[in-house]
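Proteins come first, then strands; the chains are lettered A, B, ... in the order of their sequence lines, and each starts at number 1.
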Number of protein chains: 2
Amino acid sequence: MRIGELARKTDVPPRMLRYYEEQGLVTPRRLDNGYREYDEYLVDRVRKIRGLLDAGIPTRIIGAILPCLGQTSAIVVDDPDPGLRAMLVEQRDKMIERIAFLEQNRDALTRYIDAMDRAAATGD
Amino acid sequence: MRIGELARKTDVPPRMLRYYEEQGLVTPRRLDNGYREYDEYLVDRVRKIRGLLDAGIPTRIIGAILPCLGQTSAIVVDDPDPGLRAMLVEQRDKMIERIAFLEQNRDALTRYIDAMDRAAATGD
DNA sequence: CTTGACCTTCACATGGGTGTGATAGTTGGA
DNA sequence: TCCAACTATCACACCCATGTGAAGGTCAAG
């Protein structure tokens, strides 16, 4: 598919899709036109990129971990890079921290909302 | 405590503490010097701010939800603002999404790391 | 053949979070 | 008293993700 269709499917503007390419996160083929041609599986990848960006992870890190997030995990391990492993563990641990933190705040918000509702039901 | 001590305790540079004040997230008292004086409870608050920023939440939103994240939740509900409730629900739902997303990627990283380790144990 | 909806590249701007440095006032100890 | 370590404000600059617009190529439908 071309850039416009991918933009619609992922709700990511073409400008950003080109930017992700510039950052090495997606590498679409080119038609004879020069038009970018995206394979279907890139829809998922772009959504993943957006999620990671929204979670505050910079493109540099995304580019590093993205190859390791594929559903086809069994295929990929052929380069026993110890630095890579350390980096992955570090990023995973950061995610774990973020998750715990967000859970705390989710619960706090829930408690507050419930308190509001109770107050409204009682005092109203 | 003064700004330097708070900076050490929270691992947030003074520059940023001043910035958070400018954004209305913390409001330290002032000594006769003009020096900022921070109460102890602000240590927790600053850590919370950092966590939210790291999770990709902008200061504007942080300022809006921060008063609702306190451990003393029971005290605060006196203004039955329906817009506030909607905003809180929206932010909480975003957090829930982020959590689910991060959990997925945490698991994917874990699987990949495990696969690396298995490959290293076998092929080595 | 022209029009309109796409696409290309390039460039400049903006906003938010952060770093850094200049200049100056305060404070406490050698 | 003077120095070192704070603090203050202000300003400029940076990075990164994003918006926007110009100038132009491609293509399908009328």
Answer yes if B/Tyr112 and A/Ile96 sit in the same cluster of Ile, Leu, Val, Met, Phe, Trp and Tyr residues linked by side chain heavy atoms under 4.5 Å apart, and no otherwise. no
Could you note down all residue pairs passing salt bridge (charged side-chain N to carboxylate O under 4.0 Å, His left out) where residues 7-29 of chain B supplies at least one of them, sequence neighbours left out? B/Glu5-B/Lys9, B/Lys9-B/Glu40, B/Glu21-B/Arg30, B/Glu21-B/Arg36, B/Arg29-B/Asp39
Decide yes or no for A/Gln91 and A/Lys94: does some side-chain heavy atom of the first lie under 4.5 Å from some side-chain heavy atom of the second?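 Touching, per the 4.5 Å side-chain cut-off.
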Less than 4.5 Å apart, side chain to side chain, heavy atoms only: is that true for B/Thr59 and B/Ile49?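 The answer is no, as the side chains (C-beta and beyond) never meet within the 4.5 Å cut-off.
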Mind calculating the distance between [atom1] ([X]) and [atom2] ([N]) to the nearest angstrom?
X: B/Ile49; N: C/dG17; atom1: CD1; atom2: P; value: 11 Å
X: A/Leu6; N: C/dC6; atom1: CG; atom2: C1'; value: 15 Å
X: B/Leu52; N: C/dG17; atom1: CG; atom2: P; value: 12 Å

List every contact pair, protein side and nucleotides 14-16 of chain C side both N or O, where the distance is under 3.5 Å.
none

Can you pull the contact range of chain A along DNA chain D, 5' to 3', using atoms under 4.0 angstrom from its heavy atoms?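 Here the contact window of chain A covers D/dC16 to D/dC27.
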Taking only the side-chain nitrogens and oxygens of A/Arg8, find out if one of them lies under 4.0 Å from OP1 or OP2 of C/dC6.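 So the side-chain polar atoms of A/Arg8 never come under 4.0 Å of the phosphate oxygens OP1 or OP2 of C/dC6.
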When you measure from the side-chain N and O atoms of A/Arg30 to the phosphate of C/dT9, is any distance below 4.0 Å, counting only OP1 and OP2?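 For C/dT9, OP1/OP2 do have a side-chain N/O of A/Arg30 under 4.0 Å.
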Tell me, which of residues 91-101 of chain A have any heavy atom that sits under 4.0 Å from an atom in DNA chain D? none
Terminal helix-axis angle for the helix from C/dC1-D/dG30 to C/dA30-D/dT1, with five pairs defining each axis and rounding to 10 degrees: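 For the helix from C/dC1-D/dG30 to C/dA30-D/dT1, the axes at either end differ by 10°.
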For a quick check, with a 4.0 angstrom heavy-atom cut-off, what is the B/S/- contact string for nucleotides 25-30 of chain C, read 5' to 3'? BBS---
Between the side chains of A/Thr110 and B/Arg92, does any donor sit under 3.5 Å from an acceptor? yes
